Amino acid sequence: MLIILFLSLLVSSVVGTEKDSALPRLSDTKAVEAFIDSAEVVVIGFLEGEESHGYQELVAAAKRVDSVSFAIVTEKEVWADYSLSSGTITLFRKADNHQENLSLDDAKKVETDGLVNFITINEVRYITEYNQVTAVGLFNSGVKVHLLLFANRESKEYTKLKERLAALAPQFTSKLLFVLINGAVKSNSRSLGYFGLKSKDLPRVGLYDGDSDMKWLLPEGKISTERVQEFCQSFLRGELKVSSQHGLPKMSHCCW
Ligand SMILES: *[C@@H]1O[C@H](CO)[C@@H](O)[C@H](O)[C@H]1NC(C)=O
């Protein structure tokens, strides 16, 4: 009797774990919209079912990327609302209102590592920490203007400044991307150099326009929500003067 009880506990706990690892299913467009709206970045597998090509890899990727929520949609009528007709893994993000698709028909073999790369590269947020991986997603975005916060991670104000600017970013959706550059990392010194900055000068705020390849620095002083907001709005109104670029080093054409 005891053994049977023990066995059934064992079985139900196994079933329990399997259930935990299944991705939530969204059954209609309303549910999909709510899910997309629930986070800055979400990933949805438009897959016929749990047996589909790519499903197991998506589950495995979901376990490795904690910062993103995952779900699947099996109803084809719902796929049509996203102009998708075949198996696709799609990343939706708010910062630039973007839908990045990974078609599974084009991919002969779906690998978990490849999926994790696809997600981490495209994980552009209201404020994205710059590194070799996120650089790809940032520079692939249709939004070519970057508001740059240069700050040293060890500094007291780092988290506060990051949160302050992340809170400001939503009002500039699809116009500017907010990027955080950790000045304490050696490989970022080049980016600082484009703005004539050294690690000891931080925190500072800059703005880079990839279309005109022009850049500006917010004058020294408190990095308040109001000042950064005004800086961004001045840029959008075309009011940042060309002359404010004087004295800044020439930038390479691809990136800052
Ligand atoms: C992803 O697919 C949808 C539907 O076809 C399309 O509207 C969207 O532009 C695609 N995204 C990219 C980045 O191509």
Side-chain angles (χ1 to χ4, degrees), residues 40 95-96 120-256:
E40 288 178 40
D96 56 355
T120 49
I121 283 172
N122 291 298
E123 199 183 343
V124 170
R125 298 183 162 266
Y126 280 133
I127 188 159
T128 306
E129 242 181 282
Y130 177 78
N131 60 44
Q132 309 268 48
V133 178
T134 58
V136 179
L138 285 167
F139 285 98
N140 275 343
S141 170
V143 177
K144 300 299 180 196
V145 186
H146 297 161
L147 186 285
L148 306 165
L149 170 62
F150 296 98
N152 293 318
R153 196 195 299 273
E154 293 72 22
S155 62
K156 286 197 300 288
E157 69 268 35
Y158 184 86
T159 307
K160 202 166 70 193
L161 286 174
K162 178 179 178 179
E163 286 168 1
R164 183 177 296 163
L165 296 203
L168 183 62
Q171 55 182 276
F172 297 103
T173 296
S174 300
K175 297 192 179 103
L176 307 175
L177 289 178
F178 283 47
V179 185
L180 176 55
I181 299 176
N182 177 11
V185 174
K186 229 189 161 137
S187 55
N188 286 342
S189 61
R190 225 172 65 124
S191 311
L192 267 67
Y194 287 134
F195 283 81
L197 297 171
K198 295 215 160 55
S199 185
K200 66 172 171 44
D201 305 327
L202 309 189
R204 289 295 297 271
V205 165
L207 200 147
Y208 171 65
D209 176 12
D211 290 325
S212 64
D213 195 24
M214 284 168 76
K215 58 189 187 295
W216 299 267
L217 267 179
L218 178 69
E220 272 179 283
K222 188 171 188 294
I223 300 177
S224 63
T225 302
E226 295 71 25
R227 281 188 81 219
V228 177
Q229 186 176 35
E230 181 49 32
F231 186 51
C232 296
Q233 283 167 349
S234 309
F235 168 78
L236 293 173
R237 290 193 300 257
E239 289 169 7
L240 291 186
K241 294 201 184 65
V242 177
S243 64
S244 59
Q245 284 218 97
H246 285 343
L248 291 180
K250 179 96 188 79
M251 182 125 46
S252 82
H253 65 280
C254 77
C255 38
W256 24 263

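Predicted model only: the values in this text are computed from it and were never measured. Residue indices begin at 1 and follow the sequence shown. Computed over heavy atoms, backbone and side chain alike; hydrogens, waters and symmetry mates excluded.
- If you check the side chains of Glu163 and Thr159, you find no donor sitting under 3.5 Å from an acceptor.
- Interatomic distance, CG of Leu192 versus NZ of Lys198, reported as 9.5 Å (0.5 Å rounding).
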Go through the steps to decide whether Lys175 and Leu236 satisfy the test side-chain contact (heavy atoms from CB on, under 4.5 Å), and finish with yes or no. CA-CA 8 Å; Lys175 297 192 179 103; Leu236 293 173; 3.8 Å; yes
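- Ring geometry, Tyr208 versus His146: the interplanar angle falls from 30° to 60°, so the pair is classed tilted.
- In Gln132, the CD atom is not crowded: 12 or fewer heavy atoms of neighbouring residues, nucleotides or ligands sit closer than 6.0 Å.
- With hydrogens and angles ignored, the 3.5 Å screen pairs a side-chain donor or acceptor of Ser234 with a backbone N or O of Glu230.
- Proximity of a side-chain donor or acceptor of Lys144 to a complementary backbone N or O of Phe139 within less than 3.5 Å is detected.
- Contact of the Leu177 side chain with the Thr128 side chain is not registered, since no non-hydrogen atoms from C-beta on lie closer than 4.5 Å.
- Shown here for Ala184 and Asn152, the closest heavy-atom pair between the two residues is N-OD1, 3.1 Å.
- In this structure the side chain of Gln229 never reaches within 4.5 angstrom of the side chain of Ser224, judged on heavy atoms.
- Asp96 and Thr173 share no donor-acceptor pair across their side chains, judged by distance under 3.5 Å alone.
- Taking the side chain as every heavy atom from C-beta outward, Leu165 and Val228 approach each other to under 4.5 Å.
- Nearest heavy atoms, Ala166 versus Ile127: CB-CG2, 3.5 Å.
- Using a cut-off of 4.0 Å between Lys/Arg side-chain N and Asp/Glu carboxylate O, Glu129 and Arg153 are scored as salt-bridged.
- Between the side chains of Ser191 and Asn188, no donor-acceptor pair is found at a separation under 3.5 Å.
- Summarising the geometry, atom CG belonging to Asn140 is positioned 7.5 Å from atom CG belonging to Asn122; distances are rounded to the nearest 0.5 Å.
- Side-chain atoms of Glu40 come within 3.5 Å of backbone N or O of Tyr126 as a donor-acceptor pair.
- Using a 4.5 Å heavy-atom threshold, the side chains of Phe195 and Leu148 count as touching.
- At distances below 3.5 Å, not a single donor-acceptor pair connects side-chain atoms of Arg204 with backbone N or O atoms of Ala151.
- A donor-acceptor pair is defined here as one N or O able to donate and one able to accept, closer than 3.5 Å; no such pair exists between the side chain of Ser141 and the backbone of Leu138.
- The pair Glu157-Lys162 does not meet the salt-bridge criterion, since no charged nitrogen lies less than 4.0 angstrom from a carboxylate oxygen.
- Within the 4.5 Å cutoff, the side chain of Leu149 has no heavy atoms near those of the Ile181 side chain.
- Inter-residue side-chain proximity for Val185 and Tyr130 is flagged as unmet; no heavy-atom pair is nearer than 4.5 Å.
- Interatomic distance, CG of Asp211 versus CE of Met214, reported as 12.0 Å (0.5 Å rounding).
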Candidate pair Leu202 and Leu197, rule side-chain contact (heavy atoms from CB on, under 4.5 Å), full reasoning: CA-CA 8 Å; Leu202 309 189; Leu197 297 171; 4.1 Å; yes
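- For the pair Arg227/Leu218, a side-chain contact is recorded, criterion being any heavy-atom separation below 4.5 Å from C-beta on.
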List the steps and the verdict of side-chain contact (heavy atoms from CB on, under 4.5 Å) for Tyr158 and Leu180. CA-CA 10 Å; Tyr158 184 86; Leu180 176 55; 3.3 Å; yes
Kindly indicate, with the supporting measurements, whether the criterion side-chain contact (heavy atoms from CB on, under 4.5 Å) is fulfilled by Phe231 and Leu240. CA-CA 8 Å; Phe231 186 51; Leu240 291 186; 4.0 Å; yes
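- Remark: the Glu239 side chain and the Gln233 side chain contain no N/O donor-acceptor pair separated by less than 3.5 Å.
- A heavy-atom distance below 4.5 Å is not found between the side chains of Phe172 and Val145.
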